[in-house]
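Data first, discussion second: the structure below is written as structure tokens.
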Amino acid sequence: MSKQRNMLTYGVTAALLAGMVTAAGCSKTEDSASSPAPSTGGATAAASAQPAQPYELKWLKSQDISKPYDPSKDAIMHEIEKKLNIKIIPEMVDVQQYKTKLNLKMSSGDIPDVVRIDFADDFQKYAQQGAFVDLTGMINEKDTPNILKEVPKEVFEQAKVNGKIYGIPYQGGPGAGYRWNLVMRTDYLGSTPVPKTLDEYYNLLKKVKSEKPDVIPLGGYTAQVGQQKYANNSFDHIFGAFGVTPGFFTEKDGKFSNYDIDPRMKDALLYLQKMYAEGLIDKEFATIKEEQLRTKLYSGKLFSWMGWWSTANDYDTQIETNELKKTGQLAADGKLPDQSGSPYKYLTLTDSLVGADGKAVAPAGAPFGQMHAISVKTKDPAKVLKIIEDSLSPENQMLTVWGVEGQDYKIENGKMTVNTTLVDPKTLQDANGNYRSIQSYLFAPGLNGWPRYLESLPLRPAKALDVAINNKFQISDASNYLDSPTKITKLVELNTTRDSVFTQIIMGGDIKKFDEFVEKWKSQGGTQILSELEASFKKKMGN
């Protein structure tokens, strides 16, 4: 998903060095008719430059075992082996059993050379047990520039265990970041410029309300069962313009707090209360589900909402379908051809609205979900780290993610196109009987995400994702990867209280409820959570 960050170009380590043999021989010049006499030691052959032997790398490979696959016939794996001068020794395990299998191998000491591990569950435990190589002194600008291009130093700080680096943070797919857009009906927007500030947006909603009384200016909906109310991000853009976002912890100079008790949250709630009283927010936002919001959207009763990036394409198509149905122009089968490659017809997408100070916050998810660590059992940790470093060169990332250029993908006029017909969907093999498991043998793609990912998507999804992940106001929860037993036991209760109080205030409740909530939050576990986070933060930093 690409912020498409510029990537430095680094040379790729040659897979195999060609041996060259030079020999000098003597021949009889006196008798040109005679055959050359064999050399008897007057000339010697230069020593051949022998290529380095491929490094054997044990790999625990998660695989959907219900689908056909044979690593010995994997063309991409073999190409990776050649480029990195390695010999991958894969041990296949069903994707559903990966964690169980890995834990068994960790317990037995039969640890793969490169371990992909769930950070939240096991990484800290195994690192503290001494299962992984300490990379603290090995990760640096000189020796691992590709790694540091993918993973910023501040993220390595978050990933530390007792002040040391034991693994490389990994996100995968499009990369880490925000995934929401402010979406508006283009035809209702009319000639009004796309708002950039909260005040411009507010005035636009007032205009829509005045011109289209039956249209809801801003829609919202409750979360799905088991999720936090504000996990659906319905009012991200309003909270964010005040510099806060519900649920996120903050850290400054080792001291922690939470946006839920921030005085600016009170200001944001008062603003939302005003919008609700003026009829700019859906009166049912606190009770309806997303599917009910979609019904309002498709019927033309909704102007704007916060939307998950991947929904915009289908929403635009459904709006067009309904509009054609109204005019009797819809095809007999009631369907439209695939619209994903066409520009949006009914929707306009934009990123965060800024407040009076020109700033905003957009709540991104955790910067990484997994770690790649090097086993202390590996025979040459420095060599394995070099393999990971080389795999992250721009050229090699294209290979591990997209395959072989000219076969799995092509680039024409600077644009990448993925070959979707190379592999038979039934056999999962190409015409030569090879498997092509791209995005399968990845060592540590880092946080930028797969290179040229947006180009692999159709126009509409690419546009939506581009807007979301390029939101420059993204922030992460400061409590990510820190330990707090009280947070585990009390946070759901605190969030439930917050959701109830905030909803009451938005719908006209006394703002004094916010101050009461702050005191309750602190006394019922919040203060203890902050204390535990600060202690965990100090420990992680090695203090």
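Index from 1, following the sequence.
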According to the ring pair (Phe, Tyr, Trp, His ring centres under 6.0 Å) rule, which pairs have a member within residues 126-168, sequence neighbours left out? F123-F132
Between the side chains of D483 and K539, is the shortest nitrogen-to-carboxylate-oxygen separation below 4.0 Å, so that they form an ion pair? no
Among Y315, Y178, W180, ring-ring contact (aromatic ring centres under 6.0 Å, His included) partner for W308: W180
Looking just at side-chain N and O atoms, do S391 and N396 make a donor-acceptor pair shorter than 3.5 Å? no
Sequence-distant partners of F443, ring pair (Phe, Tyr, Trp, His ring centres under 6.0 Å), two or more places apart: W59
We want to know whether S257 and T250 form a side-chain donor-acceptor pair, criterion being a heavy-atom distance below 3.5 angstrom. no
Non-hydrogen atoms of D260 and F514 that approach each other most closely: O-CE1, 3.4 Å
Basic-acidic side-chain contact under 4.0 Å: D253, K255: no
Looking at K472, I'd like to know if its NZ atom is crowded, meaning that more than 12 non-hydrogen atoms belonging to other residues, nucleotides or ligands lie closer than 6.0 Å. no
Minimal non-hydrogen separation, S304 against L205, with atom names: OG-CD2, 3.8 Å
Do you know which of W305, F235, F502 makes ring-ring contact (aromatic ring centres under 6.0 Å, His included) with F285? F235
Donor-acceptor side-chain pairing of D477 and N480 below 3.5 angstrom: no
Using a 6.0 Å cut-off, check whether atom NZ of K463 has over 12 heavy atoms from anything other than its own residue. no
Side-chain donor-acceptor pair present, T197, D199, cut-off under 3.5 Å: no
Contact check, side chains of E519 and D515, non-hydrogen atoms, under 4.5 Å: no
Can you sort out the partners of F537 under ring pair (Phe, Tyr, Trp, His ring centres under 6.0 Å), two or more places apart, ordered by chain and number? F256
List for me each residue that meets salt bridge (Lys or Arg N to Asp or Glu O under 4.0 Å) alongside K377, sequence neighbours excluded, and say none if there are none. none
Residues, nucleotides or ligands: over 12 heavy atoms within 6.0 Å of K105 NZ: yes
At what distance, to the nearest 0.5 angstrom, does CG of L482 lie from CD of Q158? 8.0 Å
Heavy-atom closest contact (L494 atom, G526 atom, distance): CD1-N, 3.9 Å
Between T497 and K520: side-chain donor-acceptor atoms closer than 3.5 Å: no
Not counting sequence neighbours, which residues clear ring pair (Phe, Tyr, Trp, His ring centres under 6.0 Å) with F249? List them please. none
Just checking, is any N or O donor in the side chain of S500 or Q504 under 3.5 Å from an acceptor N or O on the other one? yes
Close side-chain approach of I438 and V401, heavy atoms under 4.5 Å: no
What is the minimum heavy-atom distance between S476 and P367, and which atoms define it? OG-CD, 3.8 Å
Would you tell me whether Y170 and E150 have side-chain atoms, one donor and one acceptor, within less than 3.5 Å of each other? no
Answer yes or no for K283 and Y276: cation-pi contact, defined as NZ/CZ to six-membered ring centre under 6.0 Å and angle to ring axis within 45°. yes
Would you mind listing every side-chain hydrogen bond (donor to acceptor under 3.5 Å, both in side chains) that reaches into residues 521-530, with sequence neighbours excluded? Q528-E532
Calculate, to the nearest 0.5 Å, the distance between atoms CE and CD1 belonging to M106 and I111 respectively. 4.5 Å
Which heavy atom of T378 sits nearest to which heavy atom of V384, and what is that distance? OG1-CG2, 3.5 Å
Taking the six-membered ring of Y98, is the NZ or CZ of R116 close enough (under 6.0 Å from the centre) and on axis enough (within 45°)? yes
